[in-house]
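Position 1 is the first residue of the sequence, and the numbers go up from there. Atoms considered below: every heavy atom in the structure, side chains included; atoms not considered: hydrogens, waters and symmetry mates.
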Amino acid sequence: MAHPLEKTDLDNINNALKAIKDTRTVLERAKIAKIDVSAQEDEINNAEAQLKAIKQGFFPSGKP
């Protein structure tokens with residue numbers, strides 16, 4: 001059976017996880033400025049959990 005996801009998919013997942021990490025920094029700055037970002041934090045937490053689950057399910061070794 002062919003693998004449904006390829007290296008480009010893994011690269012996209014890794015790029016998205018890095019973007020989430022970068023976004024967390026911005027959200028922390030917003031919280032310091034007393035801006036309510038709880039909805040955005042919930043979204044980013046859900047997205048990160050989904051991406052990690054996909055990565056673990058399809059690329060358990062971290063490689064395609």
Just how far is it from atom CG of Asn12 to atom NZ of Lys7, taken to the nearest 0.5 Å? 10.0 Å

Show every donor-acceptor pair shorter than 3.5 Å between a side-chain atom in residues 34-42 and any protein atom, with sequence neighbours excluded, or say none if there are none.
residue : atom : partner : partner atom : Å
Asp36   : OD1  : Ser38   : N            : 3.1
Asp36   : OD1  : Ser38   : OG           : 2.8
Glu41   : OE2  : Lys31   : NZ           : 3.0

Using the side chain to side chain contact (heavy atoms under 4.5 Å, CB included) rule, pick out the option among Thr25, Leu27, Ile20 that qualifies with Thr23. Leu27

Under 3.5 Å, is there a donor-acceptor pair between the side chain of Asp9 and the main chain of Glu6? yes

Atom of Ile13, atom of Lys55 and distance for their closest heavy-atom approach: CG2-CB, 4.1 Å

Taking all non-hydrogen atoms of both residues into account, name the closest pair between Gly62 and Leu10 and its distance. O-CD2, 3.4 Å

To the nearest 0.5 Å, what is the distance between CD1 (Ile54) and CG (Leu17)? 9.5 Å

Could you check whether Arg24 pairs with Glu28 (Lys NZ or Arg NE/NH1/NH2 to Asp/Glu carboxylate O, under 4.0 Å)? no

Taking the hydrophobic residues Ile, Leu, Val, Met, Phe, Trp and Tyr, and joining any pair whose side-chain heavy atoms are under 4.5 Å apart, which ones share a cluster with Ile32? none

Members besides Val26 in its Ile/Leu/Val/Met/Phe/Trp/Tyr cluster (side-chain heavy atoms under 4.5 Å): none

